[in-house]
Peer 1: 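Quick one: the structure is below, and I'll ask about it shortly.
Throughout, protein chains are lettered first and strands after them, A, B, ... in sequence-line order, and every chain is numbered starting at 1.
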2 protein chains.
Amino acid sequence: MTERPVTGRLYGIGLGPGDPELLTVKAVRLIQAAPVIGYFAKAGRRGNARGIVDRWLTGKAEELALHYPMTTEHAFDSPVYVAVLAAFYENAVADIAAHLDAGRDVALLSEGDPLFYGSFMHLYMRLRARYPVTLVPGVTGMAGCWAAAGEPMTWGDDVLLVVPGTLPLAGLTERLRATDAAVIMKLGRNFAKVRTAVRHAGLLDRAIYVERGTMENEIVMPLADKPDDVAPYFSLILIPGNGRRP
Amino acid sequence: MTERPVTGRLYGIGLGPGDPELLTVKAVRLIQAAPVIGYFAKAGRRGNARGIVDRWLTGKAEELALHYPMTTEHAFDSPVYVAVLAAFYENAVADIAAHLDAGRDVALLSEGDPLFYGSFMHLYMRLRARYPVTLVPGVTGMAGCWAAAGEPMTWGDDVLLVVPGTLPLAGLTERLRATDAAVIMKLGRNFAKVRTAVRHAGLLDRAIYVERGTMENEIVMPLADKPDDVAPYFSLILIPGNGRRP
């Protein structure tokens, strides 16, 4: 009788919106226990995820930095982009699987929540049939932003829309008109269009721009007051709901 | 020259989806430091929020249980319900303000995230102009549920809809047809209608029912397999997105 080999366990760990104290107790415990810590980073950078957990690392874990390929010159839906990114994920999966096969647990860090718009999911979908997995939900980036803004987002029977700024103007405007509350993400080069959609939907006076919510250099301002159309990666627009309130 | 009286600070603290280890480090620190801990509960019960923090309390804080009035015999939009609930909030605010005026900080507990469909917001809106406030975002109940289900919710440019099951059948069906991913909350007596809407939208094969995600006695099953239309307060339906994946 041959024994089934004992593999390591994969942990998908949400880090929250950026403030290192907004990790959950469970996330800290599992990160400190893991022999291998994996995280995404741009080539040559330590990366935001690694920065968030810095104070929690014991120095005993092996670090596995997964360096994103440079893809800015290709459109997201181009065959080259898809192929380059798929190859990156396959290589990352092979690196992680090597540790798991050797019986070592791997904690993969994920900014925000691991199952909400996270790169972690691309690795998880390739690994979950082969290894035991534990998922640790995290505070989303958007929840960090509305806490920074100090505005209740959804009341009673409010409908909330979470929508990327990549949608075309007409469709974005129509969706904003049909909702009670909204979070608009992926601003970047879509910023001017998004602001137009918000105005067309009659929501400009309720819209709040938040940049780097809960992080250093956090910015919160009415969207109407934002003097330019420049928005970094960690930014979004909030349209708080206005529902039933006794 | 008279000194401005020093009041206490109000903390609005997200407790996460139910697992006591899913409090953030910041939430635990502030709860353990607060001289007064406030939480909602049904009359005669300890309440779910108090249960979640049980292991974190030091025993030194004064506890302020805010007992919800019994309102089940009135419709949510009836004048009686609104008046009873408004009176309850005003009384709760007076109790909290008495501590704050005496210089004592008050930590108000909020299941999930404090600004996302939380009763906390009703107190916050009445207190925030009068006292300094710190808000601590939490892991939402829905994030706990999709972690329990183990299914990625949103990819790439997916649109996410968070919608209460209280909407009429036609409107709910139409909204579900127009989204990539959805979370349907407030099931309760709306369950049969919600299931019909999901089926009419062609999403029944992707829908997942989750009850008490991250808590004891957690239940996860395909919505299509659920044999009855009974759903308690801590339950929702997830329709994971299906977006771009290299």
Side-chain angles (χ1 to χ4, degrees), chain A residues 14 16-17 19-26 28-29 76-77 81-86 88-89 113-118 121-122 124-125 128 133 135-140 143-144 146-147 150-164 166-167 175 178-179 186 214 244-246, chain B residues 14 16-17 19-26 28-29 76-77 81-86 88-89 113-118 121-122 124-125 128 133 135-140 143-144 146-147 150-164 166-167 175 178-179 186 214 244-246:
Chain A
D19 176 345
E21 263 205 301
L22 292 178
L23 263 75
T24 62
V25 174
K26 190 170 196 171
V28 171
R29 174 173 64 80
F76 282 132
D77 51 359
Y81 175 86
V82 172
V84 168
L85 216 53
F88 163 65
Y89 289 133
D113 179 87
L115 300 180
F116 190 66
Y117 299 105
M121 305 189 303
H122 297 283
Y124 170 59
M125 295 305 277
R128 70 177 183 175
V133 181
L135 299 167
V136 182
V139 178
T140 55
W146 65 58
E151 288 299 325
M153 274 305 290
T154 47
W155 300 85
D157 286 347
D158 277 348
V159 172
L160 171 70
L161 174 76
V162 182
V163 65
T166 48
L167 286 192
R175 284 172 188 271
T179 194
K186 303 206 178 185
T214 84
R244 187 185 70 232
R245 306 183 199 184
Chain B
D19 177 345
E21 263 206 302
L22 292 177
L23 264 77
T24 63
V25 174
K26 190 170 196 171
V28 171
R29 175 173 63 80
F76 283 132
D77 51 359
Y81 175 86
V82 172
V84 167
L85 216 53
F88 163 64
Y89 289 134
D113 178 87
L115 300 180
F116 190 66
Y117 299 105
M121 305 189 302
H122 297 283
Y124 170 60
M125 295 306 277
R128 70 176 182 177
V133 181
L135 298 167
V136 182
V139 178
T140 56
W146 64 59
E151 287 301 324
M153 273 305 291
T154 47
W155 299 85
D157 287 347
D158 277 348
V159 172
L160 171 69
L161 174 76
V162 182
V163 65
T166 49
L167 286 191
R175 284 172 189 271
T179 195
K186 304 205 177 184
T214 84
R244 188 186 67 229
R245 308 183 199 183

Peer 1: What is the minimum heavy-atom distance between Gly138(B) and Val139(A), and which atoms define it?
Peer 2: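 Here Gly138(B) and Val139(A) meet closest at C-CG2, 3.6 Å.
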Peer 1: Going by the side-chain contact (heavy atoms from CB on, under 4.5 Å) test, name the single residue among Leu160(A), Asp157(A), Thr154(A) that passes it with Pro164(B).
Peer 2: Asp157(A)
Peer 1: If you define the side chain from C-beta out and look only at heavy atoms, does anything of Leu135(A) sit under 4.5 Å from Trp146(B)?
Peer 2: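 Side-chain contact under 4.5 Å: no.
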Peer 1: Could you state the interatomic distance from CG (Leu23(A)) to OG1 (Thr24(B)), rounded to the nearest 0.5 Å?
Peer 2: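 Result: 9.0 Å between the selected atoms.
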Peer 1: Under the side chain to side chain contact (heavy atoms under 4.5 Å, CB included) test, which residues partner Val25(B), sequence neighbours left out?
Peer 2: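 Per chain and number, Val25(B) pairs via side chain to side chain contact (heavy atoms under 4.5 Å, CB included) with Glu21(A), Val28(A), Trp56(A).
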Peer 1: Using a 4.5 angstrom heavy-atom cutoff, name the option from Pro137(B), Ala178(B), Gly118(B) with the most pairs to chain A.
Peer 2: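 Looking at each of Pro137(B), Ala178(B), Gly118(B) in turn, Pro137(B) comes out on top.
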Peer 1: Less than 4.5 Å to any heavy atom of chain A: does that hold for the side chain of Val136(B), its backbone, both, or neither?
Peer 2: side chain
Peer 1: Test of understanding: with side chain to side chain contact (heavy atoms under 4.5 Å, CB included), list the residues that count as partners of Thr140(A), not counting sequence neighbours.
Peer 2: Asp113(A), Phe116(A), Met142(A), Ala143(A)
Peer 1: Among Gly150(A), Gly144(A), Pro17(A), which has the most heavy-atom pairs under 4.5 Å with chain B?
Peer 2: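 Looking at each of Gly150(A), Gly144(A), Pro17(A) in turn, Gly150(A) comes out on top.
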Peer 1: Measure Tyr124(B) against the heavy atoms of chain A and call it side chain, backbone, both or neither at under 4.5 Å.
Peer 2: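 Looking at Tyr124(B), just its side chain touches chain A.
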Peer 1: May I ask you to name which of Arg175(A), Met121(A), Arg128(A), Met153(A) has the most heavy-atom pairs under 4.5 Å with chain B?
Peer 2: Met121(A)
Peer 1: For the residue pair Gly156(B) and Lys186(A), what are the closest heavy atoms and their distance?
Peer 2: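 Nearest pair, atom of Gly156(B) first, then Lys186(A): O-NZ, 2.9 Å.
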Peer 1: I would like to know whether Val159(A) and Leu167(B) meet side chain to side chain contact (heavy atoms under 4.5 Å, CB included); could you show each step before the answer?
Peer 2: CA-CA 10 Å; Val159(A) 172; Leu167(B) 286 191; 4.2 Å; yes
